[in-house]
Number of protein chains: 2
Amino acid sequence: MRVPKKERQRLLQETIERNPFIKDEELSKQFSVSIQTIRLDRMELKIPEVRERIKHVASEHLDEVKSLSMSEVIGDMIDLKLDDSAISVLDIEKEHVFSRNEIARGHVLFAQANSLAVALINDELALTTKAEIRFSRQVHLGERVVAKARVMKLRGDGRTDVTVESYVGEERVFEGDFTIYRRGEEEQA
Amino acid sequence: MRVPKKERQRLLQETIERNPFIKDEELSKQFSVSIQTIRLDRMELKIPEVRERIKHVASEHLDEVKSLSMSEVIGDMIDLKLDDSAISVLDIEKEHVFSRNEIARGHVLFAQANSLAVALINDELALTTKAEIRFSRQVHLGERVVAKARVMKLRGDGRTDVTVESYVGEERVFEGDFTIYRRGEEEQA
DNA sequence: ACTGCTATTAGTACCAGGTATTAAGTTCTT
DNA sequence: AAGAACTTAATACCTGGTACTAATAGCAGT
């Protein structure tokens with residue numbers, strides 16, 4: 001029931017990480033020590049009080065919601081010449097990868113490329129109708145993917161061909177040929 | 001500066017919705033009324049105190065994180081025969097659509113199809129290497145997309161061809177031919 | 001067995017951001 | 001001018017802490 005200090009602190013850290021909502025009182029019961037001991041432990045481990053922990057979780061949440069609804073593009077657009085070319089950057093984070101092997105999921109790279117291709121079109125309505133894509137190398141957690149889109153052909157009938165190539169450093173990791181429909185309301189993005 | 005009660009309460013509700021972290025004191029300054037008035041307003045509007053609001057935001061966040069890491073599939077898998085066929089369902093919600101026209105973004109449908117195709121593979125490591133996709137009709141906010149994946153060919157070299165067709169009711173909205181690599185570590189999903 | 005050190009517990013004062021309640025103005029309206 | 005609706009004030013109390021001081025327990029070394 002009663003474990004040594006080091007062990008207790010390890011478990012404490014884990015416990016709080018798993019459930020940031022837990023109060024000192026509950027923790028003290030769980031580890032069969034006084035509240036004061038728990039507080040000393042938190043001090044040593046630099047773990048803030050419940051309310052601060054909850055606030056932190058909540059603000060992370062808000063950040064996420066914001067960054068999702070703030071832009072219609074996945075990744076940060078760093079250059080845009082309408083109907084010509086565009087570049088966006090995406091840093092691969094935890095939520096983008098398979099937890100098993102820390103390799104980015106295919107649809108993340110696709111999403112970056114697709115949203116870039118759509119943003120490139122100088123028209124109110126732009127929807128992807130077709131795409132042909134190749135993943136040439138895995139992308140790992142922590143890597144930075146730079147996607148470069150270029151308009152290849154502006155067809156008369158409202159279709160535009162866009163090619164996107166994504167790189168990590170010098171290496172190409174993704175390639176896609178997109179056909180984007182503009183204006184009309186009959187196709188799908 | 002000083003607005004009538006009804007108006008103030010409307011603004012109060014909005015303000016708190018936009019920023020759940022705001023305290024009564026700040027609110028009272030913003031509306032140039034006393035703290036007590038703010039508290040009466042909250043009572044009438046059944047808006048809980050700051051800490052409860054923050055807690056609520058935080059717990060929503062935790063739910064999300066859980067449901068994200070719980071399944072590696074976008075959408076709900078409702079049928080799965082490994083190396084044969086699988087079906088998943090995805091309800092199109094606000095976060096899936098362009099705010100301008102409420103049409104689902106292409107990469108949402110792609111993500112559903114791609115993750116379904118990958119999940120279908122009976123192997124530890126499965127990564128998409130190639131895909132050819134067609135969006136045959138727009139999908140709107142509120143619609144339910146049913147994706148059906150079927151293994152077409154199990155090649156000897158570790159490659160598997162999977163076809164995914166997605167429907168809203170009877171109508172096909174998406175079609176994709178995926179090549180999935182299994183086992184090896186040289187390709188990308 | 002006594003010293004010395006760490007670890008633990010106890011106790012008190014204080015804080016933020018409230019709730020709950022009672023009472024006293026203030027305004028508007030009729 | 002009277003009554004109702006609205007606003008402010010004042011006070012006691014709550015939770016989940018911080019900060020600090022002080023007492024006690026447990027054990028190692030000599």
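Per chain, numbering begins at 1; letters A, B, ... match sequence-line order.
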Next on the checklist: Between B/E165 and B/K148, does any NZ, NE, NH1 or NH2 come within less than 4.0 Å of an OD or OE carboxylate oxygen?
Outcome noted: no

Roughly how many Å is it from [atom1] in [X] to [atom2] in [N], rounded to a whole number?
X     : N      : atom1 : atom2 : value
B/I54 : D/dG16 : CD1   : C1'   : 14 Å
B/R8  : D/dT8  : CZ    : C1'   : 12 Å
B/K29 : D/dT8  : NZ    : P     : 15 Å
B/D24 : D/dT8  : CG    : P     : 14 Å
B/E49 : D/dC14 : CD    : C1'   : 10 Å
A/E52 : D/dT18 : CD    : P     : 10 Å
A/L27 : D/dT15 : CG    : C1'   : 16 Å
A/K23 : D/dG17 : NZ    : C1'   : 12 Å

Next on the checklist: Under a plain distance cut-off of 3.5 Å, with no hydrogens placed, do A/Q112 and A/S88 share a side-chain donor-acceptor pair?
Outcome noted: yes

Checklist entry - For residues B/T160 and B/R182, is any side-chain donor paired with an opposing acceptor at under 3.5 Å? => result yes

Checklist entry - Is the charged tip of A/K130 near the ring of A/F178: under 6.0 Å from the six-membered ring centre and within 45° of its axis? => result no

Item to check | Test: B/K55 cationic atom under 6.0 Å from A/F21 six-membered ring centre, within 45° of axis | outcome: no

Next on the checklist: Minimum heavy-atom separation for B/L141 and B/E93, please, with both atom names.
Outcome noted: CD1-C, 3.4 Å

Checklist entry - If you find the nucleotide of DNA chain D closest to B/E44 and the one closest to B/K55, which residue's nucleotide is nearer the 5' end? => result B/E44

Next on the checklist: Tell me if a side-chain donor or acceptor on A/S85 pairs with a main-chain N or O of A/K81 at a distance below 3.5 Å.
Outcome noted: no

Next on the checklist: Please check: side-chain N/O of A/R42 versus main-chain N/O of A/I47, any donor-acceptor pairing under 3.5 Å?
Outcome noted: yes

Next on the checklist: Testing A/V97, A/V145, A/L90, A/V139 one by one against A/V108 for a side chain to side chain contact (heavy atoms under 4.5 Å, CB included), which residue passes?
Outcome noted: A/L90

Checklist entry - If you walk 5' to 3' along DNA chain C, what is the first nucleotide with an atom under 4.0 Å of a heavy atom in chain A, and what is the last? => result C/dA7 to C/dG11

Checklist entry - Quick one, which residues of residues 33-41 of chain B touch DNA chain D with a heavy atom under 4.0 Å? => result B/V33, B/S34, B/Q36, B/T37, B/L40

Checklist entry - With a non-hydrogen cut-off below 4.0 angstrom, is A/R42 in contact with a base, only sugar-phosphate, or nothing? => result sugar-phosphate

